[in-house]
Amino acid sequence: GDDDTFTVTKRLPASFQKGIEKWHGQSRVCFKRCGLVQEHLQHLVCFLQRASGLRSLQITGAKLDPAGWHSVAELLASHSTVEEVDFSNNDLDEQEFIALSPLYERPWASVNCSNSKAKASSCLFNLLRCGTRRLVFDSCEIDDAAIPGLVKGIQDSKVESLSLKGNRIQSRGACELLQSLAASPVKVLNLSQNRGLGSGIAAALEMALSRSKLEELDLSSTSLGPDALRGFVAVLPQSSLKKLVLDKNRLRADGAAVLGDVLPSCKNLRELSLQRCHIDEEAQRVLAAKVEQSRLRHLNILDNVRDLSETMRARWRTCAAGSRLETFLYLPIAEGPDVLQLSSDLRFLLKNAHLETLRELLVERDWNTIEAIAAATPTEVGELCSDADLSMTEVVKFVRAVQEAEPQNELLIKFLRDLNLQRALVPLQDRGVRSVDDLKRILADEVLFNEIADESRLLYAEAMDLKRAVESRAEKDPDNVLVQHMLKSNAASSRRTSEMARAISGCFAVSHEQFVELDAEVRKHYGTKYRSADVTMVTVVEDIIKPRCKSTGKSIAEQLNGKAKLAVETFVTHSWREPWAPFAKAIIEEGTKNPRPPNLFICSLALKQGDEATVKAQVGGNVETAPFLKALREANKLLVVRNGIEDIYTRMWCVAELVFASDLGFEETGRIDVVGPDNFKGSTFGCKDARCSKPGDKKMIEEWMESKKISQSRIDEVVRRIRSCPSRQG
């Protein structure tokens with residue numbers, strides 16, 4: 001990081017006391033998702049006691065209990081130099097907010113408690129009361145019921161910046177909050193992604209802008225339309241507002257016209273963002289004339305028209321040259337290369353920390369921008385990131401998120417492949433291996449060629465396009481076993497690429513050997529009761545799996561394999577009410593029939609087991625992005641494990657998995673194996689009556705099936721075949 005900042009992003013060991021002395025001279029220390037847990041607390045406390053120059057502390061992704069959070073808060077409250085505290089992304093619950101009470105006894109320059117899983121209104125009120133100047137409580141489930149207390153706290157506070165992005169505030173609560181700003185010191189307000197605001201806040205906005213000290217206002221994704229703009233833009237020229245963000249609202253041509261009419265007379269407005277506001281070309285042409293007459297320094301009008309004409313592009317270029325604009329983004333995201341080139345605008349986005357814009361580019365699959373990133377070396381991309389709060393890891397994460405939607409996209413595969421190659425080159429640098437040419441030289445040099453380790457040679461043969469060089473070598477030395485192995489490897493490159501895509505997708509599998517070891521643990525835990533019908537998957541999860549997940553904060557698969565995710569090869573569909581012993585026996589016996597037993601996706605091991613909120617956060621609200629169906633996309637085979645207690649197709653998720661597998665061609669290509677007794681082969685139970693333990697899941701699946709126009713009779717026919725299928729036949 002910078003000279004005065006120390007950032008910890010790698011997973012912390014159980015004891016990190018030896019590294020503490022490196023941090024004592026830093027004014028800002030950040031623990032970013034580095035696995036900070038309760039066992040690290042004594043070392044963290046030691047550091048805080050001795051860090052005399054510390055001004056800012058960030059802890060994200062930590063797993064501390066309430067007592068741990070209380071100890072940290074107590075030390076920070078007594079620390080004379082600390083001014084900024086960032087506890088975002090820690091899933092703080094109600095008890096943990098109570099544990100932070102020592103923070104409420106002194107003023108702070110900035111406190112961030114975003115992305116908590118409990119309503120944070122009481123914590124927010126207490127921090128307002130104690131004189132905090134900047135508060136960030138994004139995605140904290142704050143709703144209208146919390147607004148009266150918030151308003152009361154603001155009136156007597158010193159807060160200058162307040163961010164409430166992504167909460168549950170509706171128009172009534174927003175109006176009450178905006179009306180209170182007249183008597184407050186608030187200069188920066190972010191209400192973005194509170195989607196229930198709409199035109200109902202127009203009058204309150206007019207009052208706030210005309211009477212308050214507001215300088216920056218973010219209302220993106222708040223369901224505003226032209227009518228809402230008409231209600232408040234008239235006061236913009238007299239307001240103190242310097243920055244206005246209205247992204248992702250349906251302002252259309254009417255809204256742009258209303259806004260454009262007042263732009264020339266706005267004395268203070270310097271920055272305006274209208275990204276994805278559905279403003280057509282004609283409206284943009286009118287707006288460009290108004291921008292030329294305005295005092296704007298920064299304008300973002302990205303992604304309003306998918307195919308912007310050359311005439312309109314030329315008009316915007318003329319506008320930029322003839323106005324006071326310093327930064328200007330205008331092309332649709334899908335057409336990035338004209339302005340979003342690696343050497344200029346992408347560099348600008350990174351250096352100026354326009355992270356949201358960068359995320360939009362990647363999430364919206366702007367292949368041109370990604371191509372520019374992929375064309376650069378990881379070192380060059382790292383240099384671009386160095387001046388912004390964006391790590392190389394985050395760039396990779398963005399690219400992988402897009403790659404998940406486009407698993408065969410060659411640009412993304414190349415980018416990730418080259419990253420792996422860069423890391424793999426390190427151990428061979430002592431041999432002068434630093435480039436593709438060096439690798440070709442090795443292929444031509446018999447001595448060097450035979451000295452390089454098999455694994456490294458295989459990696460390079462696949463990672464780089466060396467097929468011709470290998471083939472040339474094969475012609476000269478047709479009996480060379482290694483060369484033949486590399487040729488076979490190249491022929492299997494599509495399969496390997498697919499495996500790489502699986503490994504980065506976020507699905508966790510366990511190996512056959514790991515499952516055997518888990519079964520041994522279950523057998524030892526239950527002793528003579530192991531074969532009892534009372535020992536089901538449910539009881540194993542409650543007695544063994546949940547405690548392990550709680551202590552580590554990870555799923556069983558993640559505990560066993562860490563970041564080295566195993567590719568999903570066999571997807572196991574089954575019922576949680578089945579007895580464990582026959583289920584485990586079926587899995588183990590089926591695996592041993594293969595020369596190399598496949599890696600298994602078993603939901604209880606792949607997902608972190610915990611309370612309902614923990615599981616819901618992983619399953620999400622969309623069937624096709626649920627981890628079960630993501631894993632099915634990657635799997636080579638579906639293994640149906642039947643039991644004698646419950647028909648698995650009375651369970652809605654099992655039905656959804658079968659439907660999805662059928663749509664992916666598993667049945668017609670013989671990739672469904674069935675094991676276990678056929679006790680329910682005569683059942684006529686229809687899939688429409690299948691159940692879910694969570695009613696919301698059943699509704700979500702039914703809506704998904706309806707949207708896909710999936711025939712109930714077709715599903716029932718597939719289920720009938722599975723029920724009556726002799727064990728182990730596809």
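Computed over heavy atoms, backbone and side chain alike; hydrogens, waters and symmetry mates excluded.
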Go through the steps for Leu241 and Asn268 under the test side-chain contact (heavy atoms from CB on, under 4.5 Å), then give the verdict. CA-CA 6 Å; Leu241 203 64; Asn268 295 309; over 6 Å; no
Check against side-chain contact (heavy atoms from CB on, under 4.5 Å), Gln284 and Ile301: CA-CA 9 Å; Gln284 288 189 40; Ile301 194 165; 4.0 Å; yes
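- In this structure a side-chain-to-backbone donor-acceptor pair under 3.5 Å is present from Asn90 to Ala62.
- Between Leu135 and Trp108, every side-chain heavy-atom pair lies at or beyond the 4.5 Å cut-off.
- A donor-acceptor distance shorter than 3.5 angstrom exists from the side chain of Asn304 to the backbone of Cys277, with no hydrogens or angles considered.
- Distance check, rounded to the nearest 0.5 Å: CD1 of Ile169 to CD of Glu176 gives 11.0 Å.
- Atom OG of residue Ser184 and atom CD1 of residue Ile154 lie 6.0 Å apart, to the nearest 0.5 angstrom.
- The neighbour count for Lys152 NZ, taken as heavy atoms of other residues, nucleotides or ligands under 6.0 Å away, does not exceed 12.
- Between Gly198 and Leu224, the shortest heavy-atom distance links the atoms O-CD2, 3.4 Å.
- Enclosure of atom CZ in Arg285 by more than 12 non-hydrogen atoms of other residues, nucleotides or ligands within 6.0 angstrom is indicated.
- Judged by distance alone, the side chain of Glu105 and the main-chain N or O of Pro102 form no donor-acceptor pair under 3.5 Å.
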Tell me, with the steps shown, if Phe87 and Val111 meet side-chain contact (heavy atoms from CB on, under 4.5 Å). CA-CA 8 Å; Phe87 288 160; Val111 177; over 6 Å; no
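- The CG atom of Leu92 sits 9.5 Å away from the CG atom of Leu64 when rounded to the nearest 0.5 Å.
- Residues Trp69 and Ile59 form a side-chain contact, since some pair of their non-hydrogen atoms from C-beta on lies under 4.5 Å apart.
- At a threshold of 4.5 Å between non-hydrogen side-chain atoms, the residues Val159 and Thr132 do not count as touching.
- Taking both residues in full, the closest heavy atoms of Glu292 and Ser323 are given as CA-CB, 4.0 Å, listed atom of the first, atom of the second, then distance.
- A salt bridge is absent between Arg134 and Glu83: the closest approach of a Lys/Arg side-chain nitrogen to an acidic carboxylate oxygen does not fall below 4.0 angstrom.
- Going from atom OG of Ser180 over to atom CG of Leu150 covers 7.0 Å, rounded to the nearest 0.5 Å.
- The minimum heavy-atom distance between Val151 and Leu177, with the atom names listed, is CG2-CA, 4.0 Å.
- With hydrogens and angles ignored, the 3.5 Å screen pairs no side-chain donor or acceptor of Glu206 with any backbone N or O of Ala202.
- A 4.5 Å side-chain heavy-atom check between Arg297 and Glu271 finds every atom pair outside the cut-off.
- No side-chain donor-acceptor contact under 3.5 Å links Asn89 to the backbone of Thr60.
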Would you please test Glu84 and Arg55 for salt bridge (charged side-chain N to carboxylate O under 4.0 Å, His left out) and show each step? CA-CA 6 Å; Glu84 299 177 356; Arg55 189 182 65 83; 3.1 Å; yes
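- Atom-to-atom distance recorded for Leu246:CG and Asn300:CG is 11.5 Å, nearest 0.5 angstrom.
- Across every non-hydrogen atom of Leu263 and Lys290, the tightest pair is CB-O, 4.4 Å.
- Counting all heavy atoms, side chain and backbone alike, Asn249 lies closest to Ser223 at OD1-N, 3.0 Å.
- Other residues, nucleotides and ligands place no more than 12 heavy atoms under 6.0 Å from the CZ atom of Arg133.
- In this structure a side-chain-to-backbone donor-acceptor pair under 3.5 Å is present from His70 to Ala99.
- A side-chain hydrogen bond (donor to acceptor under 3.5 Å, both in side chains) check over residues 232-245, counting only residues at least two apart or in different chains, returns nothing.
- When each of Ser116, Ser88, Ser163 is checked for a side chain to side chain donor-acceptor pair (under 3.5 Å) with Asp138, only Ser163 meets the rule.
- Of the options Ile279, Asp254, Leu287, Leu236, a side chain to side chain contact (heavy atoms under 4.5 Å, CB included) to Leu259 is made by Leu236 and by none of the others.
- At least one donor-acceptor pair closer than 3.5 Å links the side chain of Arg106 to the backbone N or O of Leu76.
- For the pair Cys266/Pro237, a side-chain contact is recorded, criterion being any heavy-atom separation below 4.5 Å from C-beta on.
- Every residue was checked against the salt bridge (Lys or Arg N to Asp or Glu O under 4.0 Å) condition with Asp65, not counting sequence neighbours, and none meets it.
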Run Gln58 and Arg28 through side-chain contact (heavy atoms from CB on, under 4.5 Å) and show every step you take. CA-CA 8 Å; Gln58 180 184 33; Arg28 185 168 185 258; 4.2 Å; yes
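- Between Asn190 and Leu164, every side-chain heavy-atom pair lies at or beyond the 4.5 Å cut-off.
- In this structure, the side-chain contact (heavy atoms from CB on, under 4.5 Å) partners of Pro185, at least two apart in sequence or on a different chain, are Ser157.
- Just one residue in the list Asn167, Ile142, Leu219 forms a side chain to side chain contact (heavy atoms under 4.5 Å, CB included) with Asn194, and that residue is Asn167.
- The line from CD of Gln193 to OG of Ser139 is 7.0 Å long, rounded to the nearest 0.5 Å.
- Shortest non-hydrogen contact noted between Phe97 and Cys113 is CE2-CB, 4.1 Å.
- Counting only heavy atoms from C-beta outward, the side chains of Lys248 and Gln275 never approach each other to under 4.5 Å.
- Within the 4.5 Å cutoff, the side chain of Tyr104 has heavy atoms near those of the Leu127 side chain.
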